[in-house]
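The next block holds one structure in the form of structure tokens; read it before the comments.
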Amino acid sequence: MTAQHTLAMIKPDGVRKRLVGEIIGRYEKAGLQVATMKMFHMTKREAESFYKVHSDKSFFDSLTDFMSSGPIIALVLRGENAISKNRELMGATNPKEAVEGTIRKAFASDIEKNIVHGSDAPETAEKEIRFFFSDLDILRSNP
Ligand code: UDP
Ligand code: MG
């Protein structure tokens, strides 16, 4: 198996609750390497663009308000099965359904403010990494 890349985000609630170190520690302990990362305060329009697959959902307006309410940390994680490994670490979208030991079970307050994002497939990982980073960002931090 070759290493995969995935896009993770610590959402505004995770940054506000000062969980940045805790969450990155969980990625690293699970064998995922931080390939590159940055802090970024999205505008409402940028949040709408990032989440455009959900533009027809009832929660879209509230979600994009939340995602533009404060800075996020965007990270590219690298490792074997990085996409599914990160999804396992995150837990279910709704924290009430998340398995014990997952990030969302431990820290999320509700289905919207659920602390972290993670790409769900290779095609979305590629697209989402491109939303925040260039090839150079990744190459320069991993010479
Ligand atoms: N979301 C929401 N209400 C819902 C479903 C999702 O507010 O009923 C938000 C939540 O923040 C979630 C994001 O929209 O993380 C994207 O939804 P998706 O179904 O892609 O969940 P994820 O992949 O983040 O688990
Ligand atoms: Mg999703």
Side-chain angles (χ1 to χ4, degrees), residues 1-138 141-142:
M1 271 292 287
T2 52
Q4 272 181 335
H5 288 94
T6 190
L7 191 275
M9 250 198 282
I10 304 174
K11 295 184 179 184
D13 54 339
V15 173
R16 245 176 243 129
K17 291 178 175 173
R18 303 188 187 184
L19 292 169
V20 172
E22 162 75 32
I23 292 168
I24 294 175
R26 286 182 180 227
Y27 298 147
E28 292 188 330
K29 282 190 202 103
L32 295 172
Q33 183 191 2
V34 176
T36 189
M37 62 186 246
K38 69 174 153 200
M39 186 172 240
F40 190 81
H41 191 151
M42 284 193 273
T43 63
K44 170 89 171 166
R45 189 176 289 243
E46 286 161 349
E48 286 169 351
S49 172
F50 184 83
Y51 276 116
K52 62 176 173 281
V53 293
H54 293 306
S55 60
D56 58 345
K57 308 272 170 56
S58 59
F59 58 81
F60 184 65
D61 189 48
S62 176
L63 170 65
T64 53
D65 274 349
F66 163 57
M67 290 302 296
S68 57
S69 69
I72 58 95
I73 309 270
L75 311 95
V76 176
L77 301 176
R78 175 170 49 213
E80 293 291 317
N81 301 312
I83 295 170
S84 60
K85 199 177 270 183
N86 184 40
R87 295 291 308 191
E88 274 171 38
L89 293 173
M90 290 162 60
T93 310
N94 186 345
K96 288 190 190 119
E97 289 159 18
V99 168
E100 206 64 55
T102 61
I103 294 168
R104 284 167 164 173
K105 176 72 178 181
F107 305 117
S109 55
D110 57 68
I111 193 169
E112 177 182 87
K113 296 176 184 62
N114 59 7
I115 307 284
V116 280
H117 169 83
S119 308
D120 60 7
E123 309 74 53
T124 45
E126 175 80 24
K127 255 194 252 170
E128 291 176 355
I129 289 169
R130 298 248 157 261
F131 186 87
F132 290 109
F133 301 103
S134 70
D135 285 339
L136 281 182
D137 289 320
I138 297 168
S141 52
N142 299 276

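Order of listing sets the numbers, starting from 1, for every ligand and every atom in it. The structure presented is a predicted model; accordingly, all values stated were derived computationally and were not measured.
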Just heavy atoms, cut-off under 4.0 Å: does Met67 contact ligand 1 by side chain, backbone, both, or neither? neither
What are the atoms of ligand 1, with element, lying closer than 4.0 Å to any heavy atom of Arg87? 22 (P), 23 (O), 25 (O)
Nearest to atom 9 (C) of ligand 1, what protein heavy atom do you find, and at what distance? Leu63 CD1, 3.7 Å
Looking at Glu22 and Arg26, is any side-chain nitrogen of the basic one under 4.0 Å from a carboxylate oxygen of the acidic one? yes
Check Met90 against ligand 1 and report side chain, backbone, both or neither, counting heavy atoms closer than 4.0 Å. neither
Per the side chain to side chain contact (heavy atoms under 4.5 Å, CB included) rule, which among Pro122, Ser119, Ser84 passes with Thr6? Ser119
Check if Lys11 has a non-hydrogen atom at a distance under 4.0 Å from any atom of ligand 1. yes
Which residue supplies the protein heavy atom nearest to atom 11 (O) of ligand 1, what is that atom called, and how far is it? Glu112 O, 2.8 Å
Any side-chain heavy atom of Ile103 sitting closer than 4.5 Å to one from Ile23? yes
Ile115 side chain near Met90 side chain, heavy-atom distance below 4.5 Å: no
Backbone or side chain, does any N or O of Tyr51 fall under 3.5 Å from an N or O of ligand 1? no
Sub-4.0 Å heavy-atom approach of Arg104 to ligand 1: yes
Note the single closest protein heavy atom to atom 18 (P) of ligand 1, along with its residue, its atom name and the distance in Å. His54 NE2, 3.6 Å
Determine the interplanar angle of the Phe50 and His117 rings, folded into 0 to 90°, and report it as parallel if under 30°, tilted if 30 to 60°, perpendicular if over 60°. perpendicular
Cation over ring face, Lys38 and Phe132, 6.0 Å, 45°: no
For Phe66, is the NZ or CZ atom of Lys113 found under 6.0 angstrom from the centre of its six-membered ring and inside 45 degrees of the ring axis? yes
Under 3.5 Å, is there a donor on one side chain and an acceptor on the other for Lys44 and Thr64? yes
Does Asn94 approach ligand 1 within less than 4.0 angstrom via side chain, backbone, both or neither, non-hydrogen atoms only? neither
Determine whether any heavy atom of Asn114 lies closer than 4.0 Å to an atom of ligand 1. yes
Min over Thr93, Thr124, Ile111 of heavy-atom distance to atom 25 (O) of ligand 1 lands on Thr93
